[in-house]
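Here is the structure we will look at.
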Amino acid sequence: MQQKFEFEYDLLDNSSQLSSSDQELLEAAKKATETAFAPYSHFKVGAAARLSSNAIIIGSNQESASFPVGICAERALLNTVGSQFPQEKIQTIAISYEPVGKPSVEPISPCGMCRQSLLDYENRFQSPIKIIMAGMSGKVMVLQSATHLLPFGFDGSILK
Ligand code: THU
């Protein structure tokens with residue numbers, strides 16, 4: 001039997017169409033690009049999480065001279081939240097990027113490994129994480145759940 005997977009997302013013309021709380025979060029993600037260590041790719045990524053306490057935590061990509069050892073902004077962020085605030089749910093994550101010397105006007109799209117980590121975190125608390133993706137300017141994409149980034153993702157239920 002043929003099946004269909006579909007979901008709805010928002011594509012906003014610009015960040016002023018976000019709520020003020022989400023605008024603040026996206027600004028934090030943009031600012032977090034300044035903390036990236038990206039001497040090899042020159043592609044600085046920033047991510048920011050809004051916790052259930054309302055606090056904002058940031059992460060950025062941290063590269064390594066041994067390239068595969070580097071970590072993306074999203075996973076750096078999730079590792080920080082999981083380590084420092086293990087009891088807190090993440091309500092929303094915003095992600096942005098600043099490629100040195102190039103424009104940043106399209107929404108960023110997280111890599112597959114980060115999609116898995118976002119899904120893992122969502123499953124940890126059984127609570128959807130809203131995901132806001134943007135460049136430093138331009139259109140903003142808003143998804144209501146990490147499952148939309150990774151349909152048929154491995155959720156570990158088969159391990160139990
Ligand atoms: N990167 C992220 O931090 N997040 C993404 O969503 C895409 C890619 C990083 C990894 C590497 O440091 C650089 O961007 C270029 O791939």
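Just so you know, residue 1 is the first one in the sequence shown, and it goes up from there. Just follow the structure's listing: the first ligand is 1, and inside any ligand the first atom is 1.
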- Non-hydrogen protein atom less than 4.0 angstrom from atom 6 (O) of ligand 1: yes

Considering only protein heavy atoms, which is closest to atom 9 (C) of ligand 1, and at what distance to one decimal place?
->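 That would be Asn61 ND2, 3.5 Å.
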
The closest protein heavy-atom partner of atom 14 (O) of ligand 1 is Phe43 CD2, 3.3 Å

Search all heavy atoms of [X] against all heavy atoms of [Y] and return the closest pair with its distance.
| X | Y | answer |
| --- | --- | --- |
| Phe85 | Ile57 | CE1-CD1, 3.3 Å |
| Ala94 | Ala29 | O-CB, 3.4 Å |
| Lys139 | Pro107 | O-CG, 3.6 Å |

Heavy-atom contacts with [X] under 4.0 Å: which atoms of ligand 1 show up? List them by number with element.
| X | answer |
| --- | --- |
| Pro110 | 6 (O) |
| Cys111 | 6 (O) |
| Val45 | 1 (N), 2 (C), 3 (O), 4 (N), 9 (C), 14 (O) |
| Glu63 | 11 (C), 12 (O), 13 (C) |
| Glu74 | 2 (C), 3 (O), 4 (N), 5 (C), 6 (O) |
| Ala73 | 2 (C), 3 (O) |
| Ser41 | 13 (C), 15 (C) |
| Cys72 | 1 (N), 2 (C), 3 (O), 4 (N), 10 (C) |

Q.
Between Glu24 and Arg50, does the salt bridge (charged side-chain N to carboxylate O under 4.0 Å, His left out) criterion hold? Intermediate values first, please.
A. CA-CA 10 Å; Glu24 182 190 31; Arg50 172 83 68 188; 2.8 Å; yes

Rounded to the nearest 0.5 Å, what separates atom OH in Tyr121 from atom CD1 in Ile129?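 Tyr121 OH to Ile129 CD1: 8.0 Å, rounded to 0.5 Å.
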
Residue Ile158 excluded, over 12 heavy atoms near CD1 under 6.0 Å: no

Q. Has Tyr9 got more than 12 heavy atoms of other residues, nucleotides or ligands less than 6.0 Å from its OH?
A. no

### Task
Please state whether the rings of His148 and Phe7 are parallel, tilted or perpendicular, taking 30° and 60° as the class boundaries.
parallel

